[in-house]
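Below is one structure, written out as structure tokens; comments come after it.
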Amino acid sequence: MCYSRRRSPWLFHMNSGSCNGCDIEIVASLTPRYDAEQLGVRLEGSPRHADILCVTGPVTRNAVGAIRTVYDQVLGPKAVVAIGSCPATTNVFIDSRTLDGPLNKHVPVDVFVPGCPPRPDAIVEGIAKAAAILAERGKKLPAPEPAAELTTEVQQ
Amino acid sequence: MNMTTALARLLIFPGILFAVPAAWFFLWIERKAVALMQGRIGPPFMQPFYDFIKLLGKGTPPRSGIAGALMRAWPLIAVASAAGAVGLLPVLPASGGFEGDLILLLALLEVPSICIIAAGFSSRSIFGEIGSAREAVLSVSYNVVFLLAIVSVAASQHTFKLEALAQLPASPLRWLGIIAILVCLPAKLHLNPFSLPNAEQEIYSGPMTEYAGPELAMWELSHGLEWVAATGLVATLVAPHITLWWLAAIVFIALSFAVVLMLSTLAAATARLAIDTTVRFYWQCTLIFAVLAVSSALFMRLRS
């Protein structure tokens, strides 16, 4: 079961006010050059099907409710990957009055993938780490502790 | 067909024991063919199995009342009827059968798509309802052609018994019918260019939007079993009559594999059509051929 969890991470991609740079890089990590499907990655249309929530963007005020709803719609065991510098630190938009970031104020984040935008191979590595966390978390069911474990150093 | 052979066919070959691994294998080919056509390496061989096991270990959203019970029941009904359809295929020579099992097979093949329609509506999600409406329209369009093709095949050979159909040599009319069936299969299996009901990303996941965990695993399995049953039906109609049982089984598997490869390549090479184009395709372009096949079959039958 743990092995299957590690080998079959299904993603749901959520944009919380991103500039579309990281979103393009997520798509790039599925293209022939990086081919994340070798790890069993599948981009799903519905959050109900997903294991890993990929969030991009600095979390605008409008997006907060949506992020919480979608996080609750993903069924456990689940993991959250923050893609890009924006969800980690709100990046250049820091102190903006339209933002309510960073992301780990609202949902527990497991892996941060820094970069503006991050390279596709960094995204694939982040997803692989999140899948390993997911497999560990599945062992101690029920109700995983929402751990904000930083596996990658966040660039300040 | 007595009870023992019926059970053996349902549970062992070509039923569940064979059909479930075959379903995963076909699902893998579907994804691998798309990946290879796009110049990727694609998922590992065991991927559909990993997906299935992982989905079994996930939670399901809390559901209550009759709608919840129905939502839990639809995938199980779909899997059961698809497995039953696979079990009816006359793969091994002299495996028995009964008059009219072709009709039962067609009815069982139709049940998963009815379940998908019902599931989308009972999920009460707007995307599920759009997907269900599309599935209903699509099913009305392709089924006319599909059933006419089957009727033409059966009428030209004077029988509704699958085993007798498999044993008789193929006539030119049967080939016409088989081509019509092949045209309908992408719509039946929700593949591109007719992947309207589940239209990934466009309407989220269509009728499956609200499904998760073990229920979604059952939907994936029923999709795989539909693959096995539909390609198996074509393989039975195409395959020459062989008396050696192991050779018959190998020919059946090879022919199914060829059909799966062909359909996956088509799916990878095409984009999704709009619903009106799809409906027009089936009602205007292919219906004529199906009507021609059926009328010539009936005409030949009257003459003989």
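Computed from a predicted structure; not experimentally measured. Numbered from 1 within each chain, the chains take letters A, B, ... in sequence-line order.
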For residues Trp10(A) and Lys54(B), determine if any side-chain heavy atom of one lies less than 4.5 Å from a side-chain heavy atom of the other.
->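 The answer is yes, as the side chains (C-beta and beyond) meet within the 4.5 Å cut-off.
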Do the side chains of Ile53(B) and Met1(A) get nearer than 4.5 Å, heavy atoms only?
-> yes
Residue from Leu39(A), Val41(A), Thr31(A), Leu75(A) scoring the most non-hydrogen pairs under 4.5 Å with chain B is Leu75(A)
Option in Arg48(A), Arg7(A), Arg6(A) with maximal non-hydrogen atom pairs under 4.5 Å from chain B =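 It is Arg48(A).
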Which portion of [X] sits near chain B, non-hydrogen atoms under 4.5 angstrom:
X: Ala36(A); result: neither
X: Tyr34(A); result: neither
X: Arg33(A); result: neither
X: Leu134(A); result: neither

By a 4.5 Å heavy-atom criterion (distance strictly below it), what part of [X] contacts chain A: side chain, backbone, both, or neither?
X: Met208(B); result: both
X: Glu220(B); result: side chain
X: Ile203(B); result: neither
X: Leu216(B); result: side chain

Donor-acceptor contact below 3.5 Å, side chain His49(A) vs main chain Tyr211(B) = yes
Worked check of side-chain contact (heavy atoms from CB on, under 4.5 Å) between Tyr204(B) and Glu44(A) | CA-CA 8 Å; Tyr204(B) 293 104; Glu44(A) 280 294 326; over 6 Å; no
Mind checking the [atom1]-[atom2] spacing from [X] to [Y]? Nearest 0.5 Å is all I need.
X: Phe127(B); Y: Ser46(A); atom1: CZ; atom2: OG; value: 9.5 Å
X: Tyr50(B); Y: Ser4(A); atom1: OH; atom2: OG; value: 7.0 Å
X: Asp51(A); Y: Asp51(B); atom1: CG; atom2: CG; value: 9.0 Å

Using non-hydrogen atoms and a limit below 4.5 Å, what part of [range] faces chain A?
range: residues 34-44 of chain B; answer: Ala35(B), Gln38(B), Gly39(B), Arg40(B), Ile41(B), Gly42(B), Pro43(B), Pro44(B)
range: residues 58-78 of chain B; answer: Lys58(B), Gly59(B), Thr60(B), Pro61(B)
range: residues 258-281 of chain B; answer: none

Contact summary for Gly57(B) and Pro77(A), nearest pair of heavy atoms |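 Looks like O-CD, 4.1 Å.
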Taking only residues two or more places apart in sequence, or in another chain, which ones meet Phe52(B) in a ring-ring contact (aromatic ring centres under 6.0 Å, His included)?
->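 Partners of Phe52(B) under the ring-ring contact (aromatic ring centres under 6.0 Å, His included) test: Trp24(B).
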Does a sphere of radius 6.0 Å around CD1 in Ile126(B) hold more than 12 heavy atoms from other residues, nucleotides or ligands, not counting ones at 6.0 Å or beyond?
->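 It does not: Ile126(B) CD1 has 12 such atoms or fewer within range.
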